[in-house]
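Just below is one structure, and these are the notes that go with it.
Naming convention: chains lettered A, B, ... in sequence-line order (proteins, then strands); numbering from 1 in each chain.
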Number of protein chains: 2
Amino acid sequence: MHTADYAAFAGRLGGLGIGVPSGAMRPASVRTYTSGAEIYAEGDRAGELYVVEFGAVRIHRLLADGRRQVIAFHLAGEIFGFEPGATRSFFAEAINATGLKPLSSIGADAAELMPLALRGLLRAQEHLLVIGRQCAMERIAAFFLDMAERQGDEDIIELPMPRLDIADYLGLTIETVSRTFAKMRSSGLISLQGTRTVRLAKRELLQDLCR
Amino acid sequence: MHTADYAAFAGRLGGLGIGVPSGAMRPASVRTYTSGAEIYAEGDRAGELYVVEFGAVRIHRLLADGRRQVIAFHLAGEIFGFEPGATRSFFAEAINATGLKPLSSIGADAAELMPLALRGLLRAQEHLLVIGRQCAMERIAAFFLDMAERQGDEDIIELPMPRLDIADYLGLTIETVSRTFAKMRSSGLISLQGTRTVRLAKRELLQDLCR
DNA sequence: CGTTTCCTTGACCCTCTTCAACTTGAGTGG
DNA sequence: CCACTCAAGTTGAAGAGGGTCAAGGAAACG
């Protein structure tokens with residue numbers, strides 16, 4: 001898999017906020033999005049899947065008063081866009097400069113897609129446990145470990161998203177996320193190298209936190 | 001008492017678009033479980049799906065210290081047991097006396113099962129919004145409305161599960177669930193006819209609560 | 001009927017939220 | 001290269017919602 005390389009590359013681009021040229025080197029089928037651009041919206045016609053070529057995507061939903069829940073993040077190499085029925089139930093937005101390859105799921109082999117759909121299901125269900133039953137520090141530990149696993153299990157991870165996205169993903173506020181980062185840093189669990197680069201200094205302890 | 005629900009549920013399956021796929025899977029005979037009986041456990045070999053003939057099932061997961069998150073409830077007529085990979089990630093237990101028809105998913109047509117898997121995914125994702133971003137009263141309103149929809153959209157719903165299961169499903173404690181029921185009753189939103197029978201007196205208001 | 005489980009209610013406490021101010025850092029233009 | 005600006009992140013103080021602990025009451029079951 002070259003996807004890990006992609007992830008590292010895309011993560012760095014995001015962190016530096018460098019725009020990706022959408023010109024010559026890109027295969028024709030890749031669509032590029034700028035930071036914050038909408039990929040699809042609630043109510044849109046569904047039916048297309050996307051492969052993340054570079055960058056990162058957030059899937060989310062809003063309540064009437066503006067409260068937001070980020071349902072999932074999708075990093076380079078991952079596929080998203082599964083929806084039952086004909087209309088989107090969520091929003092998808094590019095977090096940074098992002099490239100996507102659309103896949104028409106119509107005509108795709110369901111037997112091929114099923115494992116992906118089921119992995120998405122498992123992810124959502126495990127996230128329910130985190131949000132429903134774990135405290136702020138445990139949630140963030142789980143988040144770090146998940147991000148690490150998806151970035152090739154290195155001890156240094158890139159967070160392609162701002163604190164607000166992390167907060168809305170974990171059912172917390174941005175302040176609690178920030179304070180918890182600080183607490184983890186001062187207790188030596190992690191160290192920060194820039195606001196979006198985290199070194200997992202004591203992985204075992206992080207793991208113990210969310211068992 | 002609750003086993004009488006089956007006849008009522010069975011007639012509505014068509015309306016919910018839930019049913020036994022008609023293809024390669026041959027239902028075996030019905031297995032019955034007593035209240036609290038384990039259907040499968042985390043770590044078990046996966047691969048079998050189940051149709052709930054009567055009764056109700058809870059899917060859950062535990063943290064090391066015993067905290068529990070109920071991931072889903074499955075009522076009569078519904079299918080559960082989707083898992084990626086070869087081993088179970090969750091526990092499934094009968095809530096009451098329950099009858100299940102096992103379906104071997106091996107050899108089943110993935111195209112038939114995909115919509116079911118995707119509906120499960122949507123359910124989990126919508127549940128994330130409830131748990132991540134809504135307060136106790138909103139969570140319980142959403143729970144009532146979900147149960148009502150799955151029971152044929154009557155104003156009177158049966159809760160097949162104890163308060164503790166509801167609490168663990170909504171990421172609350174049993175005390176908060178009980179207090180919130182009381183608050184809803186005294187504000188006329190609902191009325192209770194026995195501890196497990198709820199009349200949704202003001203559906204509109206309940207709906208407004210969780211938009 | 002008595003026993004156990006389930007449910008309710010009260011009092012207190014703690015974690016996280018809210019509100020606010022301040023700091024840092026990336027991108028822009030002089 | 002430095003100053004400016006705006007977004008992003010951090011930190012503090014106060015408050016609220018829900019958790020915890022504890023006790024009492026109702027309902028199911030043998």
Side-chain angles (χ1 to χ4, degrees), chain A residues 12-19 34-36 58 63 65-69 95-97 130-141 158-186 190-198 209, chain B residues 1-4 34-36 58 63 65-69 95-97 130-141 158-186 190-198 209:
Chain A
R12 252 176 266 125
L13 290 178
L16 295 174
I18 295 174
T34 58
S35 175
R58 65 175 166 253
L63 290 171
D65 62 0
R67 281 175 288 175
R68 184 182 72 151
Q69 178 65 41
I95 297 175
N96 310 116
V130 173
I131 287 186
R133 283 291 174 234
Q134 295 190 301
C135 68
M137 179 141 326
E138 293 168 337
R139 291 184 205 192
I140 291 189
E158 276 294 306
L159 305 177
M161 70 293 287
R163 298 287 189 268
L164 184 59
D165 286 351
I166 299 174
D168 285 347
Y169 179 66
L170 297 175
L172 300 170
T173 61
I174 184 174
E175 293 95 333
T176 300
V177 169
S178 187
R179 277 188 258 267
T180 306
F181 275 42
K183 217 177 291 178
M184 284 180 153
R185 208 177 35 164
S186 69
I190 61 167
S191 58
L192 294 180
Q193 300 161 11
T195 53
R196 301 214 182 162
T197 307
V198 183
L209 263 178
Chain B
M1 192 70 161
H2 296 114
T3 56
T34 58
S35 174
R58 65 175 166 253
L63 291 171
D65 62 1
R67 279 175 289 175
R68 184 181 72 150
Q69 177 65 39
I95 296 174
N96 311 115
V130 173
I131 287 188
R133 283 292 174 236
Q134 295 190 302
C135 68
M137 178 139 327
E138 293 168 337
R139 291 184 205 193
I140 292 190
E158 276 293 306
L159 305 177
M161 71 292 287
R163 298 288 189 269
L164 184 59
D165 284 353
I166 299 174
D168 285 348
Y169 178 66
L170 296 175
L172 300 170
T173 61
I174 183 174
E175 294 94 333
T176 298
V177 169
S178 187
R179 277 188 260 266
T180 306
F181 275 42
K183 218 177 288 178
M184 284 180 153
R185 208 177 33 164
S186 68
I190 60 167
S191 58
L192 294 180
Q193 300 161 11
T195 54
R196 300 212 184 164
T197 307
V198 183
L209 264 178

*Does the side chain of A:Thr173 get closer than 4.0 angstrom to OP1 or OP2 of C:dC16 through an N or O atom?*
no
_Salt bridge flag under 4.0 Å for residues B:Asp168 and B:Arg67_ = no
*Just call it for B:Gly171: base, sugar-phosphate, or nothing, with non-hydrogen atoms closer than 4.0 Å on any strand.*
sugar-phosphate
*Rounded to whole angstroms, how far apart are CG on B:Leu192 and P on C:dC6?*
18 Å
Extract from the structure each pairing of a protein N or O with an N or O of nucleotides 21-30 of chain D at less than 3.5 Å, listing the distance.
{"unit_1": "D:dC21", "atom_1": "N4", "unit_2": "B:Glu175", "atom_2": "OE2", "d": "3.0"}

*B:Arg58 side chain to B:Gly36 main-chain N or O, any donor-acceptor pair under 3.5 Å?*
no
_To the nearest 0.5 Å, what is the distance between CD on B:Gln69 and CZ on A:Arg133?_
6.0 Å
*Rounded to whole angstroms, how far apart are CG on B:Asp65 and P on D:dT20?*
10 Å
_side-chain N/O B:Ser178 vs C:dC7 OP1/OP2, d < 4.0 Å_ = no
*Expressed in angstrom and rounded to an integer, what is the separation of A:Arg139 atom CZ from C:dT15 atom C1'?*
11 Å
*Salt bridge or not for A:Arg68 and A:Asp165, using N-O below 4.0 Å?*
yes
*Nearest-Å distance, CG (B:Leu164) to P (D:dT20)?*
12 Å
_Integer-rounded Å distance: D:dA8 P and A:Asn96 CG_ = 11 Å
*Using the C1' atoms of five pairs at each end, what's the angle between the two axes of the helix from C:dC1-D:dG30 to C:dG30-D:dC1, to 10 degrees?*
50°
*Which heavy-atom pair separates A:Arg139 from A:Ile131 by the least distance, and what is that distance?*
NH2-O, 3.2 Å
*Provide, to the nearest angstrom, the distance between the CE atom belonging to A:Met184 and the P atom belonging to D:dT10.*
13 Å
*From C:dC16, C:dT8, C:dT18, pick the nucleotide closest to the side chain of B:Arg163?*
C:dT8
*Closest approach of A:Glu138 and A:Leu209, non-hydrogen atoms and distance?*
CG-O, 3.2 Å
*Using atom types as modelled and distance alone, determine if a side-chain donor or acceptor of B:Thr180 lies under 3.5 Å from a backbone N or O of B:Met137.*
no
*Over all heavy atoms of both residues, which pair between A:Phe181 and A:Ile140 is shortest? Give the atoms and the distance, please.*
CE1-CG2, 3.8 Å
*Presence of A:Arg196 side-chain N/O under 4.0 Å of D:dG9 phosphate oxygens OP1/OP2*: yes
*Measure from CD1 on A:Ile95 to P on D:dA8 and round the result to the nearest Å.*
13 Å
*Provide, to the nearest angstrom, the distance between the CD1 atom belonging to B:Ile131 and the C1' atom belonging to D:dG18.*
15 Å
*Would you confirm whether B:Ser178, through its side chain, and B:Ile174, through its main-chain N or O, come within 3.5 Å as a donor-acceptor pair?*
no
